[in-house]
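Throughout, a chain's letter reflects where its sequence line sits, starting with A, and its residues are numbered from 1.
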Amino acid sequence: MLQTHYQNTSTTTSAHLAQTMTLLSLTSVELRQKIDAELANNPALELIEERRCPMCKRILPQSGSCPVCSQPNTENSDAPIVFISPREDFYTSGSSISKEIPEDPFSSEPVDLPTFVLRQIAPELEADERLIAAYILTNLTEDGFLTIKPIEIARYHHRLPSDIEALIHRLQRCEPFGVCASSPNEALLTQVEILSETTRVPELTKSVIEEGLEYLSHHQFAELAHLLGVSTQQIQLVAKFISENLNPFPARSHWGDVRNPIEASSQVYHQPDVLIYHLNDHPENQLVVEIILPLRGTLRINPLFKQAVKKIENDKAVDWKQDLEKASLLVKCIQQRNNTMRLLLEKLVNLQKPFILKGEKYMKSITRAKIAHELEVHESTISRAVSGKSVQLPNKRIVPMSLFFDRSLSVRSIVKEIIEAEMHPLSDTEIQNLLKEQGITVARRTVAKYRSKEGILPAHLRHARELATT
DNA sequence: CTATGGCACGGATT
DNA sequence: AATCCGTGCCATAG
């Protein structure tokens with residue numbers, strides 16, 4: 001059953017260990033792909049029917065009752081409900097991108113992304129081009145990216161690579177702008193191109209996207225400015241423009257916190273791996289922590305297959321035995337992954353509850369090592385479990401899980417507060433002193449670093465109370 | 001002269 | 001072992 005505990009790793013094989021580690025570091029989306037692959041070529045594995053909770057419609061594990069509805073809804077709101085949940089949202093196979101698709105301009109019926117794009121461009125295409133376009137569109141990722149190389153498409157359809165590239169270029173100009181790009185980068189550039197035909201785009205936008213996306217995502221405007229040899233102000237202008245007009249993930253219309261698109265868009269995390277929310281979204285209610293298992297049902301070993309292997313003795317038996325082994329290994333490893341994630345999240349949510357409820361200011365600084373010690377697992381285990389994962393908070397923002405370990409976040413947010421409340425631009429030294437009054441002692445230099453991380457201009461470039469910030 | 005950013009060092013973290 | 005972070009010192013801009 002799902003809740004099996006595996007405290008003792010020494011009894012497990014090295015293969016088991018190795019696989020558990022890899023699985024742990026996968027995000028839910030990657031895990032999904034992995035499972036899909038295994039499911040496809042291993043007959044011993046099966047995905048069994050979903051069972052839904054009659055009350056809340058959640059998909060339930062193979063056995064056991066609904067983790068949320070079965071809770072004795074007590075006043076014990078201190079302990080969050082933590083559970084692993086198979087989510088069908090993640091059951092998007094291959095080309096079917098059914099969520100968050102802009103309405104079809106012609107029929108106003110919701111359609112999937114490939115269809116949506118194809119309808120726009122079909123009229124101006126030759127029949128054979130249409131075929132290729134359709135082929136391309138059905139190979140998009142969930143975010144509307146094209147991962148196959150043009151050359152491969154060209155080979156497959158016996159066309160010139162340049163033809164294909166031209167076609168892709170035309171597709172990119174369809175709505176949602178930038179679809180079929182090979183990367184967020186390319187998507188952004190395409191959008192800039194299209195926009196610049198009708199609107200005025202800050203000159204530096206292109207070079208910022210080409211060279212400095214990394215910096216943007218870290219709010220290191222100053223560093224970026226230096227790299228490009230321009231002023232920080234110009235960079236901020238560009239950053240603002242990008243955040244307001246461009247979307248690095250074309251197929252995704254809503255994107256974390258709408259008011260803070262830069263931060264959200266810089267994330268590589270498309271789907272959260274963990275959801276944290278109040279029960280029924282009422283802020284009064286108990287917290288629910290849902291660790292996503294990207295399945296529509298429960299994964300297990302096909303019992304029929306198991307029996308068959310026992311009985312049948314022929315030359316295939318060896319292969320089948322291997323399949324069986326592999327399958328059970330995978331199932332066990334996934335269970336272990338889930339178990340680790342659950343333990344981790346329980347700890348994490350308990351420790352950081354003030355942050356989750358009241359905001360960044362209340363972030364405690366904890367280290368992975370500390371958690372690892374408390375859970376009695378190796379530090380690297382925690383690292384793997386955390387890295388690359390993302391969490392959706394009750395306020396619907398999607399943040400990287402590593403944020404829970406950010407030492408300086410709370411101080412940074414206080415700095416932000418101070419500056420927002422200032423009546424007159426405060427110098428770093430003045431901010432340093434104000435912090436000291438609150439019992440926080442940091443070096444002046446550090447205040448400067450925090451500022452730049454938060455994308456706040458130095459005092460002499462800030463002006464008392466503002467033009468665009470309402 | 002003051003405010004701020006760059007570079008680099010050391011210690012902590014991963 | 002590699003990376004990140006806070007800090008001090010110094011150069012530079014205003």
Side-chain angles (χ1 to χ4, degrees), chain A residues 17 20-22 24-27 211-212 214-236 239 266-269 273 340-341 343-345 347-348 351-352 360 363-391 399-416 418-419 422-436 438-464:
Chain A
L17 252 171
T20 312
M21 299 209 312
T22 15
L24 194 59
S25 55
L26 296 184
T27 67
E211 314 190 22
E214 274 299 295
Y215 293 92
L216 269 196
S217 62
H218 299 294
H219 287 293
Q220 296 167 336
F221 298 131
E223 286 85 342
L224 182 53
H226 179 254
L227 185 77
L228 297 177
V230 299
S231 81
T232 313
Q233 277 171 308
Q234 280 173 285
I235 296 296
Q236 298 217 316
S266 65
Q267 311 220 349
V268 200
Y269 316 108
D273 303 281
T340 316
M341 291 294 283
L343 290 174
L344 171 64
L345 263 295
K347 261 277 175 324
L348 219 48
L351 282 171
Q352 299 288 23
E360 297 185 341
M363 173 68 73
K364 291 203 184 67
S365 73
I366 50 180
T367 68
R368 294 161 172 78
K370 208 157 102 197
I371 298 278
H373 182 73
E374 286 183 34
L375 293 181
E376 296 176 311
V377 295
H378 197 273
E379 298 174 12
S380 69
T381 310
I382 303 293
S383 279
R384 286 170 186 282
V386 168
S387 71
K389 305 287 183 352
S390 54
V391 179
V399 300
M401 199 186 284
S402 56
L403 199 77
F404 284 74
F405 297 91
D406 190 324
R407 255 182 293 172
S408 58
L409 188 68
S410 78
V411 184
R412 287 211 308 274
S413 81
I414 295 177
V415 170
K416 225 184 338 184
I418 292 178
I419 293 179
E422 82 192 357
M423 293 312 297
H424 151 80
L426 298 169
S427 78
D428 289 347
T429 321
E430 288 172 300
I431 296 174
Q432 181 194 1
N433 289 331
L434 285 174
L435 285 175
K436 201 169 238 162
Q438 299 195 30
I440 303 164
T441 314
V442 280
R444 181 232 105 222
R445 192 63 191 74
T446 309
V447 176
K449 288 264 161 140
Y450 287 169
R451 251 198 317 102
S452 101
K453 225 176 189 175
E454 295 292 337
I456 300 170
L457 290 170
H460 62 278
L461 293 177
R462 295 199 302 270
H463 305 296

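- Using a distance-only test at 3.5 Å, with no hydrogens or angles considered, no donor-acceptor pair links the side chain of A/Q432 to the main chain of A/A443.
- Considering every non-hydrogen atom in both A/M401 and A/A385, the closest pair reads SD-O, 4.1 Å.
- When heavy atoms are screened at a 4.0 angstrom cut-off, A/S380 is found touching no nucleic acid atom at all.
- Within the 3.5 Å criterion, the main-chain N or O of A/M363 finds no donor-acceptor partner in the side chain of A/Q352.
- A donor-acceptor contact shorter than 3.5 Å links the side chain of A/T367 to the backbone of A/K370.
- Not a single donor-acceptor pair under 3.5 Å links the side chain of A/E360 to the backbone N or O of A/S413.
- Between the side chain of A/S427 and the backbone N or O of A/E430, at least one donor-acceptor pair lies under 3.5 Å.
- For A/R445 and B/dC7, the CZ to P distance is 11 Å, given to the nearest whole Å.
- When every heavy atom of A/I366 is checked against every heavy atom of A/F405, the shortest pair comes out as O-CD2, 3.5 Å.
- To the nearest 0.5 angstrom, A/L343 atom CG is 9.0 Å from A/I382 atom CD1.
- Bracketed by its first and final contacts, the part of DNA chain C lying under 4.0 Å from non-hydrogen atoms of chain A reaches from C/dC5 to C/dC9 in 5' to 3' order.
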All N/O contacts under 3.5 Å from nucleotides 1-4 of chain B to the protein, with atom names and distances to one decimal?
residue: B/dT4; atom: OP1; partner: A/A459; partner atom: N; Å: 3.0
residue: B/dT4; atom: OP2; partner: A/D428; partner atom: N; Å: 2.8

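- Side-chain contact check for A/F404 versus A/V391: some heavy-atom pair is nearer than 4.5 Å.
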Pull out every protein N or O sitting under 3.5 Å from an N or O of nucleotides 11-14 of chain B, one pair per line with the distance.
residue: B/dT14; atom: OP1; partner: A/R368; partner atom: NH1; Å: 2.7
residue: B/dT14; atom: OP2; partner: A/R368; partner atom: N; Å: 3.3
residue: B/dT14; atom: O3'; partner: A/S383; partner atom: OG; Å: 3.4

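- A/R451 places a side-chain N or O within donor-acceptor distance of the main-chain N or O of A/I456, the cut-off being under 3.5 Å.
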